[in-house]
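Notes to accompany the following structure.
Remember, it's a predicted structure, so these values are computed and weren't measured experimentally.
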Protein chains: 2
Amino acid sequence: MVQLKSRVSPLFLREEELRQAMELLFYAYRDFTAEPDSILAKYGFGRAHHRVIYFVGRKPGTTVGELLRILKITKQSLSRVLGQLVREGFVTQESDPRDRRRRRLRLTEKGAELERLLTESQCRLVASAYREAGAQAVEGFRTVLLGLINEEDRGAIVDAEPTGN
Amino acid sequence: MVQLKSRVSPLFLREEELRQAMELLFYAYRDFTAEPDSILAKYGFGRAHHRVIYFVGRKPGTTVGELLRILKITKQSLSRVLGQLVREGFVTQESDPRDRRRRRLRLTEKGAELERLLTESQCRLVASAYREAGAQAVEGFRTVLLGLINEEDRGAIVDAEPTGN
DNA sequence: CAATTTAAGTCAGTAATGTTGACATATATG
DNA sequence: CATATATGTCAACATTACTGACTTAAATTG
């Protein structure tokens, strides 16, 4: 089969390989978000809330502008979701003392709890895939995904060291 | 730094590693869908249309039920998008002669053209990431992503051989 | 200091994508 | 014939995103 196909079209395997990558990304993302989505639904939240909770938890003190650059959505879209999270006591805002235009965002204890719930769920999935795949595969996974990401953002991910403020 | 942190919490690197995976998936998916999204916008379509066009193009003769299992959305959600694609001449439906309840879906030439446009865009991105990463990394990428996917669906991706009907 | 830029927020309208629930039709199968 | 299956449809609604126009407060710059 494979021999026949590659004789007919030498590009077949290559295209097949690339299409497989696309499908893997689709299915993986679909399943990667399924459990968090169902947890969030219990809180009346959606995937957008998850992203805010995740990135604020990941880097406490993030500003609104930073979130906008990460999420690549409009200020108005973020505002709705962030406003809900603040009103419902999952996230706090406080002016940065050095530049009081900036609002530093942080999770409340309630917010941190939800963040843990969501992250633990995804950690289990990723940890299991990592274990099954092995360290070398994990390295390849990271390399390829990094290559899919906009160059400007690559640094932010690799460097990411939670500074604690 | 790393030494200090891993002394403080031996689980630090592990959790850090898992969080990095989550972020890689988020950023990669964000950037992976960006270009198709902007192409689709010119046609008045969105990501949902892309998925239908992609999977119908990938496996001509797919039925509605099969699409529903792949996309994991409701019949009503699919119907809206699929209906548009049929009405606007991107997809055709014809009853399966053996089981005339089933509608076999296929791309029209117009649909195939759009599919190529979208897939080529993503192919370029994936091919570039694959080239930079190397064959071994690609293998790891596939292994890990496969591990993130629901077991039931894993087979479908690996086996996937377009039968041409 | 005055003018400008930056960070954030707000109001209004619109669109895409998804959901539930109820029901209809055609076809296949036991 | 009764039932199950595949598909389609109507209606109402929620979430997430968008554009455009404007405001406020604070920092920066000439």
Side-chain angles (χ1 to χ4, degrees), chain A residues 26 29-30 33-34 36-56 61-88 91-106, chain B residues 26 29-30 33-34 36-56 61-88 91-106:
Chain A
F26 166 74
Y29 203 76
R30 183 197 67 177
T33 49
D37 281 354
S38 89
I39 295 171
L40 289 154
K42 294 174 196 157
Y43 289 77
F45 292 151
R47 208 174 285 181
H49 301 86
H50 186 183
R51 295 196 278 252
V52 172
I53 287 177
Y54 179 83
F55 284 107
V56 171
T62 310
T63 63
V64 171
E66 261 178 280
L67 271 184
L68 290 177
R69 278 187 292 278
I70 290 171
L71 304 177
K72 287 197 180 163
I73 57 174
T74 58
K75 190 175 43 165
Q76 295 93 321
S77 292
L78 175 58
S79 176
R80 194 190 323 105
V81 170
L82 181 56
Q84 276 177 275
L85 291 170
V86 170
R87 274 195 304 281
E88 300 185 27
V91 171
T92 60
Q93 292 172 310
E94 38 177 306
S95 291
D96 180 329
R98 296 195 201 172
D99 182 343
R100 289 167 47 223
R101 292 171 306 179
R102 293 194 178 157
R103 303 294 167 82
R104 296 292 181 176
L105 305 173
R106 283 180 179 79
Chain B
F26 166 74
Y29 203 77
R30 184 197 66 177
T33 50
D37 281 354
S38 89
I39 295 171
L40 289 155
K42 295 174 194 157
Y43 290 75
F45 292 151
R47 209 174 285 181
H49 301 85
H50 186 184
R51 295 195 278 252
V52 172
I53 287 177
Y54 179 83
F55 284 108
V56 171
T62 310
T63 63
V64 171
E66 261 178 278
L67 272 184
L68 290 177
R69 279 187 291 278
I70 290 171
L71 303 177
K72 288 197 182 164
I73 58 175
T74 60
K75 190 175 45 166
Q76 296 91 322
S77 291
L78 175 57
S79 176
R80 195 191 315 110
V81 170
L82 181 56
Q84 276 177 276
L85 290 170
V86 170
R87 275 195 305 279
E88 299 186 26
V91 171
T92 61
Q93 293 173 309
E94 37 178 307
S95 291
D96 180 331
R98 297 196 200 169
D99 182 343
R100 287 168 49 226
R101 292 171 304 178
R102 292 193 179 161
R103 303 294 167 82
R104 295 293 180 176
L105 305 172
R106 282 179 181 79

Provide, to the nearest angstrom, the distance between the [atom1] atom belonging to [X] and the [atom2] atom belonging to [N].
X	N	atom1	atom2	value
L67(A)	dA7(C)	CG	C1'	13 Å
R47(A)	dT17(C)	CZ	P	14 Å
R104(B)	dA6(D)	CZ	P	12 Å
K42(B)	dA16(C)	NZ	P	17 Å
E94(A)	dA26(D)	CD	P	16 Å
R103(B)	dT27(C)	CZ	C1'	11 Å
D37(A)	dG18(C)	CG	P	12 Å
L82(A)	dA7(C)	CG	P	16 Å

Heavy-atom nearest nucleotide on DNA chain D for R98(A) versus T63(B): which residue maps closer to 5'?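 Nearest nucleotide further toward 5': that of T63(B).
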
If you pin G46(A) and D99(B) to their nearest nucleotides in DNA chain D, which one's is more 5'?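 Closer to the 5' end of DNA chain D: D99(B).
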
Strictly below 4.0 Å: does R102(B) bring a side-chain N or O up to OP1 or OP2 of dA6(D)?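 Result: yes.
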
N/O (side chain, Q93(B)) to phosphate O (OP1/OP2, dG8(D)) under 4.0 Å: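 For dG8(D), OP1/OP2 do have a side-chain N/O of Q93(B) under 4.0 Å.
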
Check L68(B) against L78(B) and note the closest heavy-atom contact, atom names and distance.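 Minimum heavy-atom separation between L68(B) and L78(B): CD2-CD2, 3.5 Å.
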
Among K42(A), R30(A), R47(A), which one satisfies salt bridge (charged side-chain N to carboxylate O under 4.0 Å, His left out) with D37(A)?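 Only one option passes, and that is R47(A).
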
For D96(B), the option from R102(B), R104(B), R106(B), R103(B) that meets salt bridge (charged side-chain N to carboxylate O under 4.0 Å, His left out):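 Output: one option passes, namely R104(B).
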
Touch check for S95(B), heavy atoms < 4.0 angstrom, all strands: base, sugar-phosphate only, or nothing?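 If one applies the 4.0 Å heavy-atom cut-off, S95(B) turns out to touch nothing in the nucleic acid.
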
What N/O pairs connect the protein and nucleotides 17-22 of chain D at under 3.5 Å? Give each pair on its own line.
residue : atom : partner : partner atom : Å
dA17(D) : OP1  : R51(A)  : NH2          : 2.3
dA17(D) : N7   : R80(A)  : NH2          : 2.7
dC18(D) : OP2  : T74(A)  : N            : 2.6
dC18(D) : OP2  : T74(A)  : OG1          : 2.9
dC18(D) : OP2  : S77(A)  : OG           : 3.2
dG20(D) : N7   : Q76(A)  : NE2          : 3.4
dG20(D) : O6   : Q76(A)  : NE2          : 2.6

Could you tell me whether the side chain of R101(B) has a donor or acceptor atom within less than 3.5 Å of a complementary atom in the base of dT7(D)?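 Between dT7(D) and R101(B), which were checked side chain against base, a qualifying N/O pair under 3.5 Å is absent.
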
Holding to ring pair (Phe, Tyr, Trp, His ring centres under 6.0 Å), I want the full list of residues that pass it with Y29(B), two or more places apart in sequence or in another chain.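 Ring pair (Phe, Tyr, Trp, His ring centres under 6.0 Å) list for Y29(B), sorted by chain: Y29(A).
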
I'd like to know if the side chain of R51(B) and the backbone of I70(B) have a donor-acceptor N/O pair within less than 3.5 Å.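 Side chain of R51(B) to backbone of I70(B), a donor-acceptor pair under 3.5 Å: no, none is there.
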
Would you say the ring centers of F55(B) and F26(A) fall short of 6.0 Å from each other?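 Yes - the distance between ring centres of F55(B) and F26(A) falls below the 6.0 Å cut-off.
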
Look at the rings of Y54(A) and H50(A) and say which category their plane angle falls in: under 30° parallel, 30 to 60° tilted, over 60° perpendicular.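 Aromatic pair Y54(A)/H50(A) classed perpendicular.
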
From dT17(C), dA7(C), dG8(D), nucleotide with atom closest to H49(B) side chain: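 Of dT17(C), dA7(C), dG8(D), dT17(C) is nearest to the side chain of H49(B).
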
